Amino acid sequence: MTAARRQWKLRRALLIVQKYGGTSVGTIERIRAVARRCLATQRQGHDVVVIVSAMSGETNRLLGLAKQISELPDERELDVIAATGEQVSVGLMALAIQAEGGRAVSLLGHQVRILTDSAFARARIKDIDGRAIAEALDDGKIAVIAGFQGVDAQGNITTLGRGGSDTSGVAVAAALKADVCEIYTDVDGVYTADPNLVPNARKVNRISFEEMLELASLGAKVLQIRSVEFGMKFSVPIHVRSSFNDNEGTWVVPEEKAMESVLVSGVTATKDEAKITMHGISDQAGIQAMVFRPLASAGIVVDVIVQAYVEGGRTNLTFTLPSADLARARDLLVKQCGHLCSADNIKAETNLSKVSVVGVGMRSHAGVALKMFEILARENIAVQLISTSEIKISCVIDAKYAELAVRTLHDGFELGKPV
Ligand code: ASP
Ligand code: MG
């Protein structure tokens with residue numbers, strides 16, 4: 001590259017989407033600090049689109065108000081209420097940018113037109129119209145967009161599920177073909193384990209979309225899983241970083257050769273898992289469908305499923321599910337699967353945790369599962385169920401050992417060591 005060309009490349013205007021989470025906009029002071037950061041980016045010559053969450057604690061407060069009126073509130077109205085948190089923060093952010101001498105305009109979900117389906121409280125984005133944003137940028141403004149919310153084809157306000165502003169950010173970045181989606185949070189990036197549990201957890205510099213997907217679904221809280229799906233599908237580089245400093249964070253990017261040399265990239269644990277075992281049901285075609293049909297109809301998500309043959313044409317069927325759904329699920333099975341086994345043989349257990357190690361390196365290395373089992377065995381932690389994918393191994397254990405398991409796996413796989 002010639003010097004002149006390098007100069008040009010360095011100065012090329014980028015389209016940068018910055019998403020700020022609740023703690024990053026938790027106070028007026030924080031909002032001012034974010035406004036200055038957005039303006040500094042714009043002054044480097046870039047186009048800036050900002051997505052903001054509600055101020056920290058606000059969404060919980062709003063949902064709490066609704067709960068005071070109704071135990072099981074109507075989800076359409078719940079979304080009307082919850083979406084106001086972001087309406088306040090975009091207005092404040094636009095004002096703060098203006099107060100710093102910049103130009104900004106706030107846009108709510110329906111004003112951008114973030115079109116979603118009508119699944120209130122868990123809506124999926126179907127389409128984003130980039131025109132209102134493009135107009136603001138052409139005008140030299142910073143577009144400040146409300147995260148978490150959208151609008152359905154009938155004009156109802158919808159929300160994307162807890163943590164949904166991440167998905168708003170990445171989806172807007174994808175729709176605008178932005179150069180990067182920066183996700184600003186209160187930690188420096190994605191860590192090898194939860195730094196609150198593991199003091200020597202290390203920030204990861206680069207992680208693949210696939211690993212991030214696994215980590216997000218297995219208990220890591222940094223990114224909503226759908227945001228990672230969007231990033232992967234539309235190749236949006238995601239940069240997770242802190243709004244409290246200028247440190248380089250973690251880049252979530254397509255898999256790279258070098259990532260394979262690392263056996264395990266992260267350790268996570270989920271809480272609030274439960275399991276149900278149906279003992280000694282008859283081992284014939286179609287029983288699995290009979291068991292899972294009523295659960296699926298009730299919207300209960302099951303996870304690890306293990307079937308084990310026992311003597312005499314009988315089988316034990318075990319699966320995990322969220323603790324919150326346990327009573328309802330067992331009830332449904334007792335009522336609708338009584339012909340498969342007696343109520344006494346439908347055993348429910350709660351207080352479980354799923355501990356997982358994730359890494360693309362395990363595709364090309366033998367013995368990772370063995371190593372995990374050896375590490376857990378050293379601490380006398382009994383494994384109840386196991387499930388694997390190409391790049392993860394999960395063990396279901398008693399929840400009271402979850403933190404110990406995470407720490408000891410983190411040590412055993414030497415994740416605290418600088419790479
Ligand atoms: N405010 C919403 C929530 O608390 C969305 C988000 O912050 O991402 O879940
Ligand atoms: Mg979040």
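Just so it is clear, the model here is predicted, and its values are computed rather than measured. Along the sequence shown, residues carry numbers from 1. Computation of the quantities below employed the complete heavy-atom set of this structure, encompassing side-chain atoms and omitting hydrogens, waters and symmetry-equivalent molecules.
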Exercise. Is the backbone of D344 close enough, under 3.5 Å, to the side chain of K347 for a donor and an acceptor to pair up by distance?
Worked result: yes
Problem set entry | Criterion side chain to side chain donor-acceptor pair (under 3.5 Å) on E211 and S208, from CA distance to verdict | CA-CA 5 Å; E211 289 169 314; S208 70; 3.1 Å; yes
Exercise. How far apart are the closest heavy atoms of R103 and G140, and which atoms are they?
Worked result: CB-O, 4.2 Å
Exercise. What's the spacing between L321 CG and D272 CG if we round to 0.5 Å?
Worked result: 11.5 Å
For this session: Check step by step if side-chain contact (heavy atoms from CB on, under 4.5 Å) holds for D194 and V406.
Result: CA-CA 9 Å; D194 180 349; V406 169; over 6 Å; no
Exercise. Do T159 and D79 get their side chains close enough for a donor-acceptor pair, meaning under 3.5 Å?
Worked result: yes
Exercise. If we ignore angles and hydrogens, is there a donor and acceptor under 3.5 Å between the side chains of E214 and S356?
Worked result: no
Problem set entry | Contact check, side chains of Y20 and S89, non-hydrogen atoms, under 4.5 Å | no
Exercise. Can you check whether G26's main-chain N or O pairs, donor with acceptor, with T23's side chain at less than 3.5 Å?
Worked result: no
Problem set entry | Residues R363, E255: salt bridge by 4.0 Å N-O rule | yes
For this session: Kindly indicate, with the supporting measurements, whether the criterion salt bridge (charged side-chain N to carboxylate O under 4.0 Å, His left out) is fulfilled by D398 and K400.
Result: CA-CA 6 Å; D398 190 325; K400 66 174 181 263; 3.5 Å; yes
For this session: Check the surroundings of atom CZ in R124: do more than 12 heavy atoms from other residues, nucleotides or ligands lie under 6.0 Å from it?
Result: no
Exercise. Taking it one step at a time, do T41 and L14 satisfy side-chain contact (heavy atoms from CB on, under 4.5 Å)?
Worked result: CA-CA 10 Å; T41 309; L14 302 177; over 6 Å; no
Exercise. Counting distance only, does the side-chain N/O of R330 pair as donor-acceptor with the main-chain N or O of I346 below 3.5 Å?
Worked result: yes
Exercise. Salt bridge check: are D127 and R113 linked by an N-O gap of less than 4.0 Å?
Worked result: no
For this session: Indicate yes or no: at least one non-hydrogen side-chain atom of V368 is less than 4.5 angstrom from one of K371.
Result: no
For this session: Apply side-chain contact (heavy atoms from CB on, under 4.5 Å) to the pair V34 and V52, showing each step before the final yes or no.
Result: CA-CA 10 Å; V34 167; V52 276; 5.5 Å; no
Exercise. Do side-chain atoms of T408 reach the backbone of A405 as a donor and acceptor pair under 3.5 angstrom?
Worked result: no
For this session: Kindly say whether A83 contributes a backbone atom to a donor-acceptor pair with the side chain of Q149 at under 3.5 angstrom?
Result: yes
Exercise. What are the two closest heavy atoms between T350 and S323, and how far apart are they?
Worked result: OG1-OG, 3.1 Å
For this session: Mind running side-chain contact (heavy atoms from CB on, under 4.5 Å) on M372 and I375 for me, showing each step along the way?
Result: CA-CA 5 Å; M372 179 174 193; I375 293 168; 5.8 Å; no
Problem set entry | Least distance between heavy atoms, L160 atom then R226 atom | O-NH1, 4.1 Å
Exercise. What is the minimum heavy-atom distance between G21 and S53, and which atoms define it?
Worked result: CA-OG, 3.6 Å
For this session: Would you name the heavy atoms of G231 and I238 that are closest together and state the gap between them?
Result: CA-CD1, 4.3 Å
Exercise. If you draw a 6.0 Å radius around CZ in F244, do more than 12 non-hydrogen atoms from other residues or ligands fall strictly inside?
Worked result: yes
Exercise. Within the distance-only criterion (no hydrogens, no angle test), does the side chain of T192 pair as donor or acceptor with the backbone N or O of R202 below 3.5 angstrom?
Worked result: yes
Exercise. Where the side chain of S70 meets the backbone of A66, is there a donor-acceptor pair that is under 3.5 Å apart?
Worked result: no
Problem set entry | Ion pair check, K126 and D117, cut-off under 4.0 Å | no
Exercise. Are there more than 12 heavy atoms of other residues, nucleotides or ligands under 6.0 Å from atom CZ of R32?
Worked result: no
For this session: Evaluate the ring planes of W251 and H239, with Trp represented by its six-membered ring, and classify them as parallel (under 30°), tilted (30 to 60°) or perpendicular (over 60°).
Result: parallel
Problem set entry | R162 atom CZ, over 12 foreign heavy atoms within 6.0 Å | yes
Exercise. For A143 and A136, which heavy atoms make the closest approach, and how far apart are they?
Worked result: CB-CB, 4.2 Å
For this session: Answer yes or no: is there an ion pair linking R328 with D331, defined by an N-O contact shorter than 4.0 Å?
Result: no
Exercise. Short question: side chain of T270, backbone of K354 - any donor-acceptor pair under 3.5 Å?
Worked result: yes
Problem set entry | NZ/K271: more than 12 non-hydrogen atoms of other groups inside 6.0 Å | no
Problem set entry | T388 side chain reached by M362 side chain, heavy atoms, under 4.5 Å | no
